[in-house]
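A short worksheet on the structure shown next.
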Amino acid sequence: RKEVEQDPGPFNVPEGATVAFNCTYSNSASQSFFWYRQDCRKEPKLLMSVYSSGNEDGRFTAQLNRASQYISLLIRDSKLSDSATYLCVVNRGGNAGKSTFGDGTTLTVKP
Amino acid sequence: GAVVSQHPSWVICKSGTSVKIECRSLDFQATTMFWYRQFPKQSLMLMATSNEGSKATYEQGVEKDKFLINHASLTLSTLTVTSAHPEDSSFYICSARPTGAGGTEAFFGQGTRLTVV
């Protein structure tokens, strides 16, 4: 079993749709969690951190359930520019904590 | 936000030659940097953890003699792909996390697209 597992996708949605991505992690000692966005042939860029209390940034909402070891990302009112691969990232913490990436979920928003 | 600069952005080399990739943290110090490799339509796979002033820690299955890592200062780590072959063609990305900021995001370099012909 992979340490971080994501919805396989791909997701093809119309503009304006709401889409949700799920992610589970197996290491209960994981300490910090992130969603990154990666555009084709580019480096990953941080989209948002994920907290147990949930956090929202505009159209994006992230949730963490430590008991279920589950992370989610909700995108409302999808835009064409949201088309990208979304990576769930789990960090074991500590100064040199390694990040483990999920395989990513590809989203294509169509007009 | 913090900036990590990776150079070169792309390189084409002949089979059997060596290629050096640099990763610099421009506005913070990083005791530890990470090197990843990404094949098409696959996720980033950690190759090794680069530690300033000491030997790198390699992930299982990554040949340390083929992928030489040097972390000579708190702002620079280099990855040298020795005797490159076509199967080494990939997207190599480094990341760094500011020293003392264990739980925060990692900042990524722009990546280096290596093509071995």
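These numbers were taken from a predicted model, which means no experiment stands behind them. Labels below follow one simple rule: chain letters A, B, ... track the order of the sequence lines, proteins then strands, and each chain is numbered from 1.
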**Study point:** Cluster overlap V11(B) with I93(B), hydrophobic side-chain contacts below 4.5 Å
**Key:** no
Review point. According to a 4.5 Å side-chain heavy-atom criterion applied to Ile, Leu, Val, Met, Phe, Trp and Tyr, with indirect links allowed, do V62(B) and F34(B) form part of one hydrophobic cluster?
Key: no
Review point. Out of S49(A), G102(A), C40(A), which one racks up the most heavy-atom pairs below 4.5 Å with chain B?
Key: G102(A)
Check your understanding: Which pair of non-hydrogen atoms, one from Q38(A) and one from L44(B), has the smallest distance, and what is that distance?
Key -> OE1-CD1, 3.9 Å
Exercise for review: May I ask whether V117(B) and I21(B) are part of the same hydrophobic cluster, defined by side-chain heavy atoms of I, L, V, M, F, W, Y residues being less than 4.5 angstrom apart, directly or through others?
Suggested key: no
**Study point:** Which atoms of Q38(B) approach chain A - backbone, side chain, both or neither, heavy atom under 4.5 Å
**Key:** side chain
Exercise for review: Any chance you could lay out the side-chain contact (heavy atoms from CB on, under 4.5 Å) test for R97(B) and S99(A), step after step, and finish with the verdict?
Suggested key: CA-CA 10 Å; R97(B) 186 175 291 111; S99(A) 298; 3.1 Å; yes
Exercise for review: For residues S43(B) and F101(A), report the shortest heavy-atom separation together with the two atoms involved.
Suggested key: OG-CB, 3.5 Å
Exercise for review: Taking atom NE2 of H85(B) as the centre, report whether more than 12 heavy atoms of other residues, nucleotides or ligands fall under 6.0 Å from it.
Suggested key: yes
Check your understanding: Going only through I, L, V, M, F, W and Y residues with side-chain contacts under 4.5 Å, is there a path from Y58(B) to L46(B)?
Key -> no
Practice item. Would you please indicate if the ring centroids of F107(B) and Y36(A) are separated by under 6.0 Å? Key: no
